[in-house]
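Reviewing the structure listed below.
The structure presented is a predicted model; accordingly, all values stated were derived computationally and were not measured.
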Amino acid sequence: MRAAEDVLRAAGAVLVQLQQPLDAVRAAVELSGGLTVLDGAVTDRSLLHGADVLRADAREAAVLLGGPAREREVLAAAPALLDAGPRLLAFALADGGDLFVWRDGHEPAPWRDSHEPAPWRDSHEPAPWRDSHEPAPWRDGHELVPHAAGEAVDTTGGGDALTAALTAALLDGATPREAAREAVAAAGRVVTHAGGRPGLTPRRRSA
């Protein structure tokens, strides 16, 4: 991780798979210079302090919650989880669908000092959802996005597609509600194809 420090600090987003050794996970979170997305079962809650987004499937969310991940239980636990660091939670539910819960975006982002430059994309322009001078265009809320109708052929890559699409949408300035819907739609396209490699269309960036 230390060898990749320059890359991690310059990245617009760092996605951290929590199945990796804990020391590596901690280092990745510490070195991330952009949007930090944790994906998986949280076994060390101190990691939440450095996270912007926490994503978990139903089994992983149950580990964190201490019981089945149902809408009522996730919403009850959300305030404490959001207070610990993340601005957005994205949990698959035990009884179907994905629940997204977020904190008011009209507050200074705690992860980035206002004197530091905002994370930048290929064009070196600040990522619009993290501009330290403009309030983010969203308020407290939650969104339960049902899974698309139709038979899942192969669930391989469904969660990865959701996390990737969610991250890309947020970096491009989508609100949490918009990003949530795009993410679940991307996962739905993946699981209806064998092998987990459908042709996902790149998101059109905001002007």
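Between A179 and A174, the shortest heavy-atom distance links the atoms N-CB, 4.1 Å. Nearest heavy atoms, A13 versus L171: CB-CD1, 3.7 Å. Taking every heavy atom of both residues into account, A180 and L166 meet most closely at N-CD1, 4.1 Å. Listed here is the closest heavy atom pair of V25 and Q17: CG2-O, 3.8 Å.
Residues L81 and V42 have side chains not in contact (no heavy-atom distance under 4.5 Å, counting atoms from C-beta outward). Put simply, the side chain of R26 does not reach to within 4.5 Å of the side chain of V16, judged on heavy atoms. Between D44 and L47, some side-chain heavy-atom pair lies under the 4.5 Å cut-off. Counting heavy atoms from C-beta on, the side chains of L8 and E30 never come closer than 4.5 Å. Counting heavy atoms from C-beta on, the side chains of L31 and R9 come closer than 4.5 Å.
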Check: Can V184 and H147 be said to form a side chain to side chain contact (heavy atoms under 4.5 Å, CB included), step by step?
Finding: CA-CA 7 Å; V184 174; H147 294 161; 4.2 Å; yes
Test side chain to side chain contact (heavy atoms under 4.5 Å, CB included) on V53 and L35 and set out the steps. CA-CA 8 Å; V53 178; L35 175 69; 4.1 Å; yes
Walk me through it: do L54 and V37 pass the test side chain to side chain contact (heavy atoms under 4.5 Å, CB included)? CA-CA 6 Å; L54 174 60; V37 181; over 6 Å; no
Checking D83 against R103 for the side chain to side chain contact (heavy atoms under 4.5 Å, CB included) test, could you report, in this order, the C-alpha distance in whole Å, the side-chain angles of both residues, the deciding distance, and whether it holds? CA-CA 9 Å; D83 284 345; R103 179 55 50 84; 2.8 Å; yes
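When the options T163, D160, T36 are evaluated for a side-chain contact (heavy atoms from CB on, under 4.5 Å) with L15, the one that passes is T163. Just one residue in the list L144, V145, L89 forms a side-chain contact (heavy atoms from CB on, under 4.5 Å) with F100, and that residue is V145.
L75 pairs by the side chain to side chain contact (heavy atoms under 4.5 Å, CB included) definition with E71, L99, V101, H142, not counting sequence neighbours. Evaluation of the side chain to side chain donor-acceptor pair (under 3.5 Å) rule for R181 yields E143 as partners, not counting sequence neighbours.
Side-chain atoms of E178 come within 3.5 Å of backbone atoms of T175 as a donor-acceptor pair (strictly under, hydrogens ignored).
In this structure, CZ on R87 lies 10.5 Å from CG on L170, to the nearest 0.5 angstrom. Considering CG of L38 and CG of D52, their distance stands at 8.5 Å, rounded to 0.5 Å. Rounded to the nearest 0.5 Å, atoms CG (L88) and CG (L82) are 8.0 Å apart.
Hydrophobic clustering of Ile, Leu, Val, Met, Phe, Trp and Tyr side chains at less than 4.5 Å, counting indirect connections, unites L48 with L22.
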List the atom pairs, donor and acceptor, that lie under 3.5 Å between side-chain atoms in residues 55-68 and the rest of the protein, sequence neighbours left out.
from: R55; atom 1: NH1; to: D98; atom 2: OD1; distance (Å): 2.9
from: D57; atom 1: OD1; to: R59; atom 2: N; distance (Å): 3.1
from: D57; atom 1: OD1; to: E60; atom 2: N; distance (Å): 2.7
from: E60; atom 1: OE1; to: D57; atom 2: N; distance (Å): 2.9

